[in-house]
Amino acid sequence: MKNLEADFFSKHDPKIIPIIRNATIGIAGAGGLGSNVAVTLARVGIGKLIIADFDKIEPSNLNRQQYFIEQIGEPKVIALLENLKQINPFSKYQIHHIKLDENNISSIYKDVDIIVEAFDKAEMKKMLIETWIAEFPEKPIIAASGLAGYGMTELIHTKKFDNLYICGDEITKLNDDISPMAPRVGIVANMQANLVLELLLHQLPDVISKQSHELL
Amino acid sequence: MKKQILVNDNLIEWQENLTINKILKIMNYSFKMLVIKVDGELIKKDEYGTKIVSENADVKIIHLISGG
């Protein structure tokens, strides 16, 4: 197992390994965005992931979420933990089968370096962002807005507002004709995960704002 | 010179007693689920009608859309 762990990290630049192994990242929600962010960050080798979600897996989730047929009916966080351990057993995973609200966010996520907003509903996104900015103004929050439908990859972007980052197209609404689908949900989830890495690995604050400013 | 504020990087004319609700009307924003920051400070929904935005303010209005 020790050799396997060394081999797992053998493709990484040795300089980044201590930073990613010491990082703790929060993921709020384990649906389309959250399950994809978690799988990517587990493959990256982030030291610890803290993931919370209250929901159970439904057949319709399998169109974009990182679950399997035999996991239908299981709580998402339980199934995700099984899947993450299959991908990378060398990281730590802390799961919470709970509905997040203004009162439990700060205790669950107090030890994270960065939080990723991975909810489905806009009102939950707003609740998390406002709670986070009030409780942890110094810690980055990476949210997603506008990712339904297909195509239009070129409209998807990242914007920075102090420590709040928004990934998505910021326009595509859900309706009967436009639903979240695997490609765009996966793109935005991986943009969030990519930004986690960028923020961890460019730890000088002036470099972060300079780099991110160029994105706007 | 006209007094102005920035709203999502657009320059708009500043006026006396300018509230968030007035800015939303001027910008023609009809979105419901918003996160709003003025000069980096979070403005809660119950302040949209009362918080007076001063000249030269940098206003960011972030529209949150369901889907994930």
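The structure presented is a predicted model; accordingly, all values stated were derived computationally and were not measured. Just so we're on the same page: letters track the sequence lines, and every chain starts at 1.
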- prompt: Does B:Asn8 reach the main-chain N or O of B:Ile61 with its side chain, forming a donor-acceptor pair under 3.5 Å?
  reply: yes
task: Answer yes if the side chains of A:Arg184 and A:Thr153 hold a donor-acceptor pair under 3.5 Å, and no otherwise.
output: no
message: Using modelled atom types and a 3.5 Å cut-off, is there a donor and acceptor pairing between side-chain atoms of A:Glu117 and backbone atoms of A:Phe119?
response: yes
Most contacts with chain B, counted as non-hydrogen pairs under 4.5 angstrom, among A:Asn36, A:Val185, A:Asp120, A:Leu33: A:Asp120
- prompt: A:Ser179 versus chain B, heavy atoms under 4.5 Å apart: side chain, backbone, both or neither?
  reply: neither
task: Measure A:Ile178 against the heavy atoms of chain B and call it side chain, backbone, both or neither at under 4.5 Å.
output: neither
Minimum side-chain heavy-atom gap A:Leu84-A:Ile51 below 4.5 Å: yes
